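Just so it is clear, the structure is predicted and the values come from calculations on it, not from any experiment. Any value given below was found using the heavy atoms of this structure, including those in side chains, with hydrogens, waters and symmetry copies removed.
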Amino acid sequence: MALVPYDESALPALSRLHESAAEFRFAGRRLRLAQDWGRLGVAAVVWDAAVVLCMYLELGEVELQGKKAIELGAGTGLVGIVATLLGARVTLTDREPALDFLRANVRANLPAELRGAAEVSELAWGEALHRYAAGGYDLVLGADIVYLEETFPALLATLEHLSSEGGVVLLACRLRYERDRAFLAALGRRFAVEQVHYHARGDVRVYRAVKRRAEPAGRDL
């Protein structure tokens, strides 16, 4: 699938984070995402990493049709919405205060025939993971969720719980600090991690992490 042409204004400047909506074109549709910085802060604006991850999804490097996917820290829902439009069955997750806002964006941007393929659900990383099937997802998506060091252990535990063996995690992020690289190194102890895309202007990298198959238990002699 061809990458939708973007001029440089496709990535939101900081001033645009305070606008009430952000508009994009993905999967042949014009999307209008409500934003609400004043009420919900970082959870309710479209960040560069989300746009770049959607651009990467449109390249067709990852199979989406019929796949079971989950988005962590979905925020405005842009990534999950685009993944749904491209054929995945997606659970969009965030913390409880952001869910009504997220649901409204999903309803507003998916055609009626696809709304059953997208579900909004509460997920605080590392908490109540039994509500989600262990290894139950072919694809885990996250845009700009690697930034708070205190959340890294819970995020790693959540990625490991959700991903099927051989399943794919796609993370779009800026590497702002050395601790972000340390997170990727920790992820690499359980997943095979590689950088698959780089957007120079936004300084956004997309990483693909594939969960390694568990080593078979040794047999007693």
Side-chain angles (χ1 to χ4, degrees), residues 1-13 16-17 19-36 43-94 98-99 101-121 137-145 162-163 167-173 195-202 204-209:
M1 186 175 298
L3 178 65
V4 172
Y6 279 91
D7 61 23
E8 292 299 323
S9 64
L11 295 180
R16 273 179 267 159
L17 299 178
E19 294 180 357
S20 62
E23 294 190 5
F24 306 94
R25 188 170 182 84
F26 286 110
R29 296 183 63 87
R30 184 166 295 281
L31 305 178
R32 181 178 173 85
L33 282 297
Q35 300 189 130
D36 194 345
V45 295
V46 178
W47 295 97
D48 290 355
V51 180
V52 172
L53 185 51
C54 290
M55 294 165 71
Y56 180 75
L57 292 178
E58 283 209 320
L59 289 172
E61 299 291 336
V62 176
E63 179 60 47
L64 291 169
Q65 192 65 44
K67 298 298 183 181
K68 189 173 182 182
I70 186 166
E71 184 186 1
L72 305 182
T76 63
L78 177 63
V79 173
I81 289 166
V82 171
T84 305
L85 291 170
L86 293 173
R89 293 171 289 120
V90 184
T91 301
L92 298 90
T93 71
D94 213 316
L99 295 186
F101 175 81
L102 177 57
R103 287 190 186 96
N105 269 336
V106 171
R107 285 195 301 268
N109 288 281
L110 286 179
E113 64 271 18
L114 286 181
R115 288 176 191 160
E119 173 189 5
V120 173
S121 182
Y137 297 89
D138 306 306
L139 181 63
V140 182
L141 301 166
D144 220 352
I145 62 174
L162 296 172
S163 300
V168 172
V169 175
L170 289 179
L171 297 175
C173 56
Q195 180 179 308
V196 293
H197 187 70
Y198 179 62
H199 191 282
R201 180 176 179 272
V204 175
R205 292 167 167 82
V206 178
Y207 292 93
R208 183 178 188 266

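Judged by distance alone, the side chain of R115 and the main-chain N or O of R107 form a donor-acceptor pair under 3.5 Å. For the pair T76 (side chain) and A44 (backbone), a donor-acceptor distance under 3.5 Å is absent. For N105 (side chain) and L33 (main-chain N/O), no donor-acceptor pair under 3.5 Å exists by modelled atom type. A donor-acceptor contact shorter than 3.5 Å is absent between the side chain of R30 and the backbone of F24.
Contact between C54 and V82 at its shortest, heavy atoms only, is SG-CG2, 3.6 Å. In terms of heavy atoms, L53 sits closest to A172 at CB-CB, 3.8 Å. The shortest heavy-atom contact between A74 and D94 is N-OD2, 3.4 Å. Closest heavy-atom contact between T91 and S121: CG2-CB, 3.9 Å. Here the closest non-hydrogen pair linking G75 and L102 is O-CD1, 3.3 Å. Looking at every heavy atom in both residues, A27 comes nearest to L85 through CB-CB, 3.7 Å.
Every residue two or more places apart in sequence or in another chain that forms a side chain to side chain donor-acceptor pair (under 3.5 Å) with R103 is listed here: D100. R32 pairs by the side chain to side chain donor-acceptor pair (under 3.5 Å) definition with E23, not counting sequence neighbours. Judged as a side chain to side chain contact (heavy atoms under 4.5 Å, CB included), and not counting sequence neighbours, the contacts of V62 are Y56, L139, L170. In this structure, D138 has no side chain to side chain donor-acceptor pair (under 3.5 Å) partners at least two apart in sequence or on a different chain. With sequence neighbours excluded, the residues satisfying side chain to side chain contact (heavy atoms under 4.5 Å, CB included) with A118 are T84, L92, V106, L110. Considering only residues two or more places apart in sequence or on other chains, R205 meets the side chain to side chain donor-acceptor pair (under 3.5 Å) condition with Q195, D203.
The CD1 atom of I81 lies 4.5 Å from the CG atom of N109; values are rounded to the nearest 0.5 Å. Rounding to the nearest 0.5 Å places CZ of F101 at 7.0 Å from CD of Q35. Distance CE/M55 to NE2/H197: 6.0 Å, rounded to 0.5 Å. With rounding to the nearest 0.5 angstrom, the NE2 atom of H199 is 8.0 Å from the CG atom of D48.
In this structure the side chain of V196 never reaches within 4.5 angstrom of the side chain of E61, judged on heavy atoms. Counting heavy atoms from C-beta on, the side chains of V51 and F26 come closer than 4.5 Å.
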